[in-house]
Amino acid sequence: MTRLPKQFSNLGFDPDALRTRYREERDKRLRTDGDEQYVEITETFARYADVDPYVEPGFEREPLATEIDVAIIGGGFSGMLAAVRLRERGITDVRIIESGGDFGGTWYWNRYPGAQCDIESYCYLPLLEELNVLPKEKYSFAPEIYEHSQRIGREYGLYDITLFQTRVTELRWDTAQDRWLVSTNRNDRIQARFVIQAVGTASRPKLPGIPGIEDFQGHSFHTSRWDYAYTGGDHRGDLIGLADKRVAIIGTGATAIQCVPHVGRHARSLHVFQRTPSSVDLRGNKPTDPSWAAALTPGWQRARRENFADIVVGRPFEVDLVNDGWTDIFHRFQADLRRAMAEGSNVDMEELALRAEIADFQKMNEIRHRVDETVSDHDAAEALKPWYRQFCKRPTFNDEYLPTFNRPNVHLVDVSANKGVERITPKGVVANGVEYEVDCIIFATGFEITSAPKRRVSFDIIGREDESLFDHWRDGLRTLHGLSSHGFPNWFFIGVNQNGLSVNMTAMFDDQAQHIAYILSELRNRGLTVAEVTAEAEAAWIAEIRRLAVNNLAFQEACTPGYYNNEGQLAARGKGLSSEVYAPGINAFNAVLAAWRETGLLEGFAVR
Ligand code: NDP
C-alpha cells in the first residue's frame, strides 16, 4: 500500500480497493497464448482481408516494366505524405503502389457505419494549411477523411503516379544495379533507386482463433471490409438489410464502439460479445467555428499538433488548444500538482506517481459513473464498466454506444470469465455455455498492430546480403531513428517504433516523411546514389532508445491484456505498442532529427 498524502484522505473512494479490483479483472483475462490467440488472415481466412468491396471486380492492366527514382509502397496518408514531401524537394520520378482502388489506406478500408476519427480533425488531417481547407467538424467522420485523401491525390498530382489495385510481392536489392527490384502481383518489374515502405500500422485485419470459426455457415465479415451489399445502407447507417437478421458482433474496441449503435438500430437482434469493455468517454463533437477559423495564423497546424503531443506525453503546459478526452486527465494531474507545489509540498517521484494514479482513478470513476447514468439494465451496466487505468487500452469517445444497450433487441454477452468467446458453430456463437444462433457474425477484432513484422507485411524484403529484413529483425526491430536498417541500402520505413510515437499518427508520419525527403534530396544534391545505415549507428540508436525508456513495466503489467501491452506478456522485449519508442515523445524526437539534419553530415549512413 502506498502512503496517501493527507489531502487525499477524503477522496470518496478507496485506492487500494480499486487496485485490487483492477488486478482481479486483469487476472481474469490473462491468457498464456498471448498474441498467438489470433489467427493470421491467410488461406481459409484470406477472404476476410483479400476482398475489396469498393471496386468493380475484374480489373486488369498490362504489366509495367520501368526504372524510377523512388517506389513508395502504400497510398495511405503516410505514403501520400512521402510523395508530397519528395515533390516539394523536386523529386518527382516516383511511383506509389497501392493495394486498394483509391487513396486513403485506413480510411479507404474502414468504411463501417459510424467510422470517425477520435483525434481532433484540425490536428489529424494532413496538409490543411497547404491546401487551405478546414474540416467540417472537430472530429471528422470517415467519408470526409477519405475525401481529404482524394483531395491530396488530386492537388499534388498523385493519381498520375499511382498503381492502384496492385500488391507488392517482393522487394529485392540488386547489388549490381544498386537498385531495388519491386515485384508485384500484376507482374510489374519496377527498378527503383529508393524504396519508402509506408504500409500502415493497422492495415492487416486479424481474427481471434476461436475454435470452430471456419465452420460458421451464416454470413461473416471483418469490420474493415464492411459488406454493405449484405447490410444495406452506408456509412451513415440505414442498414435496412439487417431488419430480419440476428447479428453477432465480436469485440468491443474503438471500431465496435462506433458501429454497434448503427447495427443495434437496424438488426432484428444484436448480441455484442464483450471480453473487455472499452472506456467510453464523451464525444462532444461540434462544427468548425468560422470565427475561430478566420483567426488562424500561419503555422497554426504544427503548433496545435505540438501542443497536443506535449500534453499527452505528460509535459507541463500553459494552454491546451485541443482540450478533449485525450488531454483531460493531464489537466487534472497538472492542476493537482500545481496546487501541491503552491502549498509547499515536496513532491518526490513516489508521490508524483501516486498523484497521477489518483487523477486516473478519478477519471475512470467518472467513466464508470457515466455507464450507471446511461444504461438501465443493472447487469449490463456492471459489465460495461472498465476496470483499468485510462491508457491501458485505447480510450474511446462516443455518445450513442452506451444507450444502445437500452434497446430491447440489443444484448451484451460478457465473455470475460472464459477469456473470450468459447466456440463458433455452424449456427452461431457459444459463450458461457450458451449457443447464440445468428445469421451474421461481424468481427470487430482489430488488426495486426504489434505481432511479428512478418505477419503484418505481406511481402519479403531481401537486402544487400541476401538477408530477409524479417531475419534481421528476428530479435526485435533494428533501425536508425526507426526509419532505416543496416544491410538494406536506400530502404526507408514509415512506422511507429524506435521513433517518436504519437497517438496523432498522421502528424508522426508527416514528420518522418519530411525527414526521409530531406535525406533523399541531400543525396541527390551531393551526387550520391546509395545510403545505408551502418551497423554501429543502428546499435547506438537502439541503445539510446533503451537508455531513455521510461520503465513503465509496472504500469503495463497491471493492465488488462491487449495490444498496448503485448497481451500482457511483458517478458518479450520490444513487443507491445509502447515498447521500443523514443520515450521523451514525438516533439523531442523531432528535435533530435532536426539537430541531425542541421549538421548536414548524414551521420550514421555510409554513402557513395
Ligand atoms: P481492437 O484491437 O481495439 O479491439 C479488438 C476487440 O476484439 C477487443 O475488444 C478484444 O477484446 C476483442 N476480442 C479479441 N478476441 C476476442 C475473443 N476471442 N472473444 C471476444 N472478444 C475478442 O480493434 P479495433 O478495430 O476496435 O481498433 C483497432 C485500432 O484501430 C484502435 O485501437 C485504434 O488505434 C484504431 N481505431 C481508431 C478509431 C478512431 O480514431 N476512432 C476507430 C477505430 C479504430 P480484448 O480487449 O479483451 O482483447
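Note that ligands are numbered from 1 as they come in the structure, with each ligand's atoms numbered from 1 the same way.
- Among protein heavy atoms, atom 28 (C) of ligand 1 sits closest to Phe447 CD1, 4.0 Å.
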**Q.** Derivation of the ring pair (Phe, Tyr, Trp, His ring centres under 6.0 Å) call for Trp473 and Phe493
**A.** CA-CA 13 Å; Trp473 287 357; Phe493 176 67; 5.7 Å; yes

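- Residue Lys393 has at least one nitrogen or oxygen atom sitting less than 3.5 Å from a nitrogen or oxygen atom of ligand 1, judged on distance alone.
- Closest to atom 40 (O) of ligand 1 among all protein heavy atoms lies Asp118 N, 2.9 Å.
- Contact of the Ile441 side chain with the His219 side chain is not registered, since no non-hydrogen atoms from C-beta on lie closer than 4.5 Å.
- Listed by number with element, the atoms of ligand 1 under 4.0 Å from a non-hydrogen atom of Thr252 are 6 (C), 8 (C), 9 (O).
- When hydrogens are left out, the protein atom nearest atom 13 (N) of ligand 1 is Arg275 NH2, 3.9 Å; that is the closest non-hydrogen contact.
- Residue contact check: Tyr112 has heavy atoms under 4.0 Å from atoms 42 (C), 43 (C) of ligand 1.
- For Cys117, the closest heavy-atom approach to ligand 1 falls below 4.0 Å.
- If you number the atoms of ligand 1 from 1 as listed, the ones under 4.0 Å from a heavy atom of Gly420 come out as 19 (N).
- The protein heavy atom nearest to atom 47 (O) of ligand 1 is Thr276 OG1, 2.5 Å.
- Looking at Phe447, Trp109, Tyr112 one by one, the single match for ring pair (Phe, Tyr, Trp, His ring centres under 6.0 Å) with His222 turns out to be Phe447.
- In summary, Asp50 and Arg225 do not engage in a salt bridge, as defined by a charged side-chain N under 4.0 Å from a carboxylate O.
- Residue Val421 places at least one N or O, backbone or side chain, under 3.5 Å from an N or O of ligand 1.
- Neither the backbone nor the side chain of Ala115 comes within contact range of ligand 1; no heavy atom lies under 4.0 Å.
- Remark: His271 engages His411, Tyr436 in a ring-ring contact (aromatic ring centres under 6.0 Å, His included) (not counting sequence neighbours).
- Scanning the protein heavy atoms around atom 32 (O) of ligand 1, the nearest turns out to be Tyr563 OH, 2.4 Å.
- At least one heavy atom of Gln258 sits closer than 4.0 Å to an atom of ligand 1.
- Looking from atom 18 (N) of ligand 1 to the surrounding protein, the closest heavy atom is Pro208 CB, 3.6 Å.
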Q: Please step through side chain to side chain contact (heavy atoms under 4.5 Å, CB included) for the pair Ile424 and Asp215, ending with a clear verdict.
A: CA-CA 7 Å; Ile424 290 182; Asp215 299 336; 6.0 Å; no

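- Here the heavy atom of the protein found nearest to atom 35 (C) of ligand 1 is Arg394 NE, 4.2 Å.
- Under a 4.0 Å criterion applied to the non-hydrogen atoms of Ile250, ligand 1 contributes the atoms 20 (C), 21 (N).
- In Ala254, the parts holding a heavy atom less than 4.0 Å from any atom of ligand 1 are both the side chain and the backbone.
- Within the 4.0 Å cut-off (strictly below), no protein heavy atom is located near atom 30 (O) of ligand 1.
- From the protein, the heavy atom lying nearest to atom 25 (O) of ligand 1 is Thr255 OG1, 2.6 Å.
- Interface atoms of ligand 1 facing Gly251, defined by a heavy-atom separation under 4.0 Å, are 6 (C), 7 (O), 9 (O), 12 (C).
- Of all non-hydrogen atoms in Val322 and Lys138, the two that sit nearest each other are O-NZ, 2.8 Å.
- Checking each of Tyr146, Tyr108, Tyr228, Trp107 against Tyr54 for a ring pair (Phe, Tyr, Trp, His ring centres under 6.0 Å) leaves exactly one that passes, namely Tyr108.
- Pairs passing the salt bridge (charged side-chain N to carboxylate O under 4.0 Å, His left out) check and including a residue from residues 260-273, sequence neighbours excluded, read Arg265-Glu400.
- Where the criterion is an N or O separation shorter than 3.5 Å, residue side chain and backbone included, Gln116 meets it with respect to ligand 1.
- Here the side chains of Pro113 and Arg236 are not in contact, with every heavy-atom distance at 4.5 Å or above.
- With a 6.0 Å radius and a threshold of 12 heavy atoms from other residues, nucleotides or ligands, Arg368 has its CZ atom above the threshold.
- Residue-ligand proximity: Tyr38 is placed with a non-hydrogen atom under 4.0 Å from ligand 1.
- A salt bridge links Asp360 with Arg389; the closest basic N to acidic carboxylate O contact falls under 4.0 Å.
- A side chain to side chain contact (heavy atoms under 4.5 Å, CB included) with Tyr401 is found for exactly one of Thr252, Thr396, Thr374, namely Thr252.
- Residue contact annotation: Gly562 has no non-hydrogen atom under 4.0 Å from ligand 1.
- The shortest distance between side-chain heavy atoms of Phe77 and Phe103 does not fall below 4.5 Å.
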